[in-house]
Every structure is written in structure tokens, then in C-alpha cells.
Amino acid sequence: MLNLFFRKNFYDGWDNIIFLFIPNLILDAMVVVSGLLCIPGFTIFKESSWYLYIWIVIGILLMIGLSIFTLAWAETSTEIVDYGSPDIKSFFASLKTCVKDGILYGILMSLFCVASFIGIVYFFKPAEGQPVTFTGLTAGAVWTWISITILMGLLWYPAVRASMHNKFGKALKKCFILLFDNLGRCIIFSFYNLLLVFISVVMLGLVPGMAGLQMARTNFIKLIMKKYDYLEELDKKGEPLNSKARRKIPWKELLAEENEINPVRTAKEFFFPWKQDSNK
């Protein structure tokens, strides 16, 4: 399953690389403008007792904006991974349908970030004059891993919402079911995600950027859902919960069509696809 995922996601990114520039450019502009707007605020409120609270509010507003933007792009990336031909108009049209869930998701992510930061500082940086203890370090390590696990689950929300269109709470529940039921694959995906983040930083957020990162999650969801469709068919047939058919998922059969659609490409097919088409 993972081999097909890596191949398909690369193909989808390559085939839509120009289209990916547009949301990435918009996101880069949002970040730059937000940073420029924050500079006067930093000068004005630097000595104010409300300084920390003002920046928390600014951070939450920015997170909400980014969340709405990400949910809208997730809808578009679903069309891409399903071999559709979305346009930029459909991306902007989906923005208005993502406002409510985007606000909820942005607030939730903001609260999570604040709570995680406070917890890490509390455990790893004891009060002045207090020594660092083994108990404190252990608690801090546990808190950090709990935070990472929760973050891994929360980051699936845009792709899950776009793929299944569930209500906010139900979609969040499915995010964590997906994570814990496919933990090994999700950990591998997380390292792959870190690689994409590194490339994005080097490329100034243009490629793969937020658009590419979100498309990767949507691609992963598309393929992993083949497993749940298969299990649902077993439920209809009354297959026992401990049966061999449930324990061993026939990925080769489930992904046969996707493998046929996404064969290994040659360099000529990458750089001169029109010549390949003309030869068929």
C-alpha cells in the first residue's frame, strides 16, 4: 500500500505542480502580511501587561484563517487524487463552505498548541531556584509524546472531512481511529511528511508547500479507505470478527485498479507526456 501511495502522490504532485503554486503563493502572502502587521503591534504593546494575551488572540485569528484555507484546499485536493480536473474557481467556492468547521478547527488547534507549550515549559523548565528532577523530565517526556500523538491525529482532520464530509465531532473521532488502527503506516507517513516540510522550507513554501502536504494526506486517506470498504463488505457477509479474512487485508487485490492507473513511469513520460500519448 505504501509503495503505491508514494508513487501516486508523486505523480499527482508532478502532474498538478503549476496548480499547487496558487494556494501556496496565497498562503505565503498570508504569512508575510500577517508578519508585517504584527511588527507595529510588537512595538506598541511590547511594554503592555496585555502583551501576551494580545499575541495569543493574534495567533488564534491567524490559525483560524489558515484552518479555513486548509479545509478549502482539502476539498480541491480530493478532486485531484480522484483524477478530476479542479480549477481555482472551485477552490475559492469551497472557502465559504469551510468557515464554520474552519473556525472550530482553528480554535481547537490553537488551544492544543497553547496547552502543549505550557505543559512542556512547566515540566522541562522548573521554577527559578528549583532543580531539574528525573520525575519532572519523565513527566515532560510523557507529555511531549502525548502531544505528538494528539497532533498526529488532529492533522488528519482536513483530509478526513473532505473525504467523508462528516460533522466536526464525528470527523475528529475518525481521525484518531485512523491513526491508532494504522499506527505503523501513520508513523512512516509522518517521516515522509517531515521530508516534504524540509523540501517546502528549502523551496520557500512553493513546492510542495501546504498544498502538497494536504494532497499527500488526501491520497493516503483514499488508499487506506480501500481497507475499510473491504471490511464493510465482510460485515455484510457476516464474517466473524476474528476471521483470517479480517486479519490479513488483501492489499494487492484492493489496489489492483489503482496500480493499473498509476504504473511506473519512464523519464520520457515525466518530461514529455504528450509524446507518450501520441504513441498510444
Side-chain angles (χ1 to χ4, degrees), residues 2 31 34-35 38 41-42 45-68 70-71 74 101-161 166-201 205 210 213-214 216-217 220-221 224:
L2 287 173
V31 173
S34 298
C38 287
F42 179 81
F45 299 113
K46 184 170 59 174
E47 304 300 330
S48 171
S49 59
W50 291 89
Y51 172 77
L52 179 61
Y53 302 103
I54 291 170
W55 283 105
I56 288 176
V57 171
I58 292 174
I60 291 174
L61 292 176
L62 179 60
M63 183 68 77
I64 289 173
L66 294 176
S67 296
I68 295 172
T70 303
L71 295 189
D101 287 343
I103 291 173
L104 293 174
Y105 184 56
I107 292 174
L108 179 61
M109 288 295 290
S110 300
L111 293 176
F112 164 76
C113 291
V114 171
S116 297
F117 177 77
I118 292 174
I120 290 172
V121 171
Y122 175 78
F123 287 118
F124 287 108
K125 188 179 180 182
E128 187 174 352
Q130 297 295 322
V132 177
T133 63
F134 176 76
T135 303
L137 291 177
T138 302
V142 171
W143 179 268
T144 300
W145 281 111
I146 290 174
S147 297
I148 290 172
T149 304
I150 294 174
L151 179 62
M152 287 174 65
L154 291 176
L155 288 176
W156 285 112
Y157 175 74
V160 169
R161 178 187 181 275
N166 298 127
K167 292 184 179 180
F168 184 75
K170 188 173 183 179
L172 278 179
K173 181 180 178 181
K174 287 186 176 180
C175 291
F176 289 95
I177 291 174
L178 170 74
L179 173 63
F180 291 115
D181 195 35
N182 304 275
L183 188 58
R185 290 185 175 89
C186 286
I187 290 174
I188 294 173
F189 176 84
S190 295
F191 284 107
Y192 174 70
N193 211 49
L194 289 174
L195 174 62
L196 295 184
V197 170
F198 174 76
I199 297 173
S200 299
V201 172
M210 180 281 299
L213 291 167
Q214 192 54 56
R217 292 186 179 278
F220 189 92
I221 293 280
I224 207 69

Checklist line | Check: Thr133 and Thr138 side chains under 4.5 Å, non-hydrogen atoms | finding: no

Note to self: Nearest 0.5 Å, please: how far is CG in Leu213 from CG in Asn193?
What the structure shows: 5.0 Å

Checklist line | Spacing of CG belonging to Leu194 relative to CD1 belonging to Ile199, to within rounding of 0.5 Å | finding: 11.5 Å

Check residues 108-118 and write down every donor-acceptor pair under 3.5 Å in which the side-chain atom is one partner and the other belongs to a residue at least two apart or another chain.
residue	atom	partner	partner atom	Å
Ser110	OG	Gly106	O	2.7
Ser116	OG	Phe112	O	2.9
Ser116	OG	Ser147	OG	3.4

Item checked: Ile221 and Trp156, any side-chain heavy atoms less than 4.5 Å apart -> yes

Checklist line | Heavy-atom pair of closest approach, residues Thr70 and Pro158 | finding: CG2-CG, 4.0 Å

Margin query: Is there a side-chain contact (heavy atoms from CB on, under 4.5 Å) between Trp145 and Ile148? Walk through the geometry before answering.
Written below: CA-CA 5 Å; Trp145 281 111; Ile148 290 172; 4.0 Å; yes

Next item on the list: Quick one: which residue pairs count as a salt bridge (Lys or Arg N to Asp or Glu O under 4.0 Å) with a foot in residues 166-175, not counting sequence neighbours?
Entry: none

Checklist line | Pairs involving residues 53-63, ordered by first then second residue, that meet salt bridge (Lys or Arg N to Asp or Glu O under 4.0 Å) (sequence neighbours left out) | finding: none

Next item on the list: Heavy atoms only: give me the nearest Gln214-Ala159 pair and the separation to one decimal.
Entry: NE2-N, 3.4 Å

Check: Quick one: CZ on Phe220 to CD1 on Ile188, what's the gap to the nearest 0.5 Å?
Finding: 8.5 Å

Checklist line | Interatomic distance, Ile64 atom CD1 to Ile107 atom CD1 [nearest 0.5 angstrom] | finding: 4.5 Å

Next item on the list: Identify the two heavy atoms, one from Ala216 and one from Leu196, that lie closest to each other, and give their separation to 0.1 Å.
Entry: CB-CD1, 4.1 Å

Next item on the list: Start with the C-alpha distance between Leu154 and Leu172, add both sets of side-chain angles, then the distance that settles side-chain contact (heavy atoms from CB on, under 4.5 Å), and finish with yes or no.
Entry: CA-CA 7 Å; Leu154 291 176; Leu172 278 179; 3.9 Å; yes

Under 3.5 Å, side-chain donor or acceptor atoms of residues 175-186 against the rest of the protein: list the pairs with distances, not counting sequence neighbours.
residue	atom	partner	partner atom	Å
Asp181	OD2	Lys227	NZ	3.3
Asp181	OD2	Tyr228	OH	2.5
Asn182	OD1	Lys227	NZ	3.0
Asn182	ND2	Leu178	O	3.0
Asn182	ND2	Tyr228	OH	2.9

Next item on the list: List in chain and number order the residues that pass side chain to side chain donor-acceptor pair (under 3.5 Å) with Asp101, two or more places apart in sequence or in another chain; answer none if no residue qualifies.
Entry: Arg161

Next item on the list: Supply the atom-to-atom distance Ile146 CD1 to Ile150 CD1, rounded to the nearest 0.5 angstrom.
Entry: 7.0 Å

Notebook entry, point to check: Can you find a heavy atom in the side chain of Phe123 that is under 4.5 Å from one in the side chain of Leu137?
Noted result: no

Next item on the list: Go through the structure and list residues passing ring-ring contact (aromatic ring centres under 6.0 Å, His included) with Tyr105, not counting sequence neighbours.
Entry: Tyr157

